[in-house]
Amino acid sequence: MGLPLVNQFLAQGHALVRILSALKIKPSTYYNGRHWQPSRQEKRRESLKPYILDVWKTFKFYGYRRIASYSQQTDAPKVSEYMTLKLMRELGIKSRMQKRYRKPKTVVTVDQKPNLIRHLHDLSGVWQTDITYIQLTNHRWVYLATVLDPEKRKVLGL
């Protein structure tokens, strides 16, 4: 609010009325702020923060739902999911769970061709190709195409 600043100017010998008018603080705001005490809810929120931080440090993969469920199952203070979410946001912590890998879907508009290589006994003149989807660390997709020689069982090119 500005109470420490007001106290600093008061210690220097300035008049309270002039300090408040210079800082554009109403006298009622100043006097209410001098006697301010945190509410019961605010005290409880502050007491829950170390508990939630401790549970998160123990189980880094727990999100707000699991931490709330853990508090309900143990003899620790009971915390709702919404309160856990709000306190985790205030503390700047979140679950370290990785999102599930999802292969991109392709839509095929033409019929698949029959596999003609399956019945060949001589693979000397045949090359095979394959395309693989790879997700990079920045969540972008790249494609890797390889050419294989099935007779020598070697990769000819990427």
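These numbers come from a predicted model, not from an experiment.
- For the side chain to side chain donor-acceptor pair (under 3.5 Å) condition, the pairs that include at least one residue of residues 73-83, sequence neighbours left out, are Ser69-Gln73.
- Cluster membership for Ile134 and Val147, using ILVMFWY side-chain heavy atoms within less than 4.5 angstrom, is not shared.
- Checking His14, Gln8, Gln12 one by one against Ile19, the side chain to side chain contact (heavy atoms under 4.5 Å, CB included) holds for a single residue, His14.
- Rounding to the nearest 0.5 Å gives a distance of 5.0 Å between OG1 of Thr146 and CG of Asp130.
- Residues Tyr30 and Trp36 keep their aromatic ring centres 6.0 Å or farther apart.
- The cluster map of Ile, Leu, Val, Met, Phe, Trp and Tyr, joined by side-chain heavy atoms under 4.5 Å apart, puts Phe59 and Leu53 in the same cluster.
- Residue Thr132 holds its OG1 atom at 8.5 Å from NZ of Lys103, rounded to the nearest 0.5 Å.
- Ile131 and Leu136 fall into different hydrophobic clusters, defined by Ile, Leu, Val, Met, Phe, Trp and Tyr side-chain heavy atoms under 4.5 Å apart, directly or through other members.
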| task | Determine, stepwise, if the pair Leu120 / Val126 fulfils side chain to side chain contact (heavy atoms under 4.5 Å, CB included). | result | CA-CA 10 Å; Leu120 289 178; Val126 177; 4.0 Å; yes
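- Two residues are said to be in side-chain contact when any heavy atoms from C-beta on lie closer than 4.5 Å; Leu148 and Thr129 fail this criterion.
- Across all their heavy atoms, Lys94 and Trp56 have their closest contact at O-NE1, 3.0 Å.
- The minimum heavy-atom distance linking Thr84 with Tyr64 is given by the pair CG2-O, 3.6 Å.
- Two residues are said to be in side-chain contact when any heavy atoms from C-beta on lie closer than 4.5 Å; Leu87 and Arg45 meet this criterion.
- Within a 6.0 Å radius of CG in Asn138, other residues, nucleotides and ligands contribute more than 12 heavy atoms.
- Within a 6.0 Å radius of NE2 in His35, more than 12 heavy atoms belonging to other residues, nucleotides or ligands are found.
- Note that the CZ atom of Arg34 and the CG atom of Asn7 stand 8.0 Å from one another [nearest 0.5 Å].
- Annotation for Glu42: atom CD counts as buried by contact number, over 12 foreign heavy atoms lying within 6.0 Å.
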| request: Just do the side chain to side chain contact (heavy atoms under 4.5 Å, CB included) check on Met88 and Ile52 with the steps written out, would you? | output: CA-CA 7 Å; Met88 286 178 71; Ile52 289 177; 3.8 Å; yes
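- If you take NZ on Lys60 and OG on Ser95, they are separated by 11.0 Å, rounding to the nearest 0.5 Å.
- Between Ile67 atom CD1 and Thr58 atom OG1 the span is 9.5 Å, to the nearest 0.5 Å.
- In this structure, Asp54 contributes its side chain and Pro50 its backbone to no donor-acceptor pair below 3.5 Å.
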| request: Could you walk me through whether Gln135 and Arg140 pass the side chain to side chain contact (heavy atoms under 4.5 Å, CB included) test, one step at a time? | output: CA-CA 6 Å; Gln135 187 176 20; Arg140 295 184 69 197; over 6 Å; no
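- Closest approach of Ser71 and Val79 over heavy atoms only: OG-N, 3.2 Å.
- With rounding to the nearest 0.5 angstrom, the CD atom of Glu90 is 10.5 Å from the CG atom of Leu85.
- Nearest heavy-atom pair, His119 versus Asn115, reported as atom, atom and distance to 0.1 Å: CD2-O, 4.4 Å.
- A salt bridge is defined here as a Lys NZ or Arg NE, NH1 or NH2 lying under 4.0 Å from an Asp or Glu carboxylate O, and Lys43 with Glu46 fails to meet this definition.
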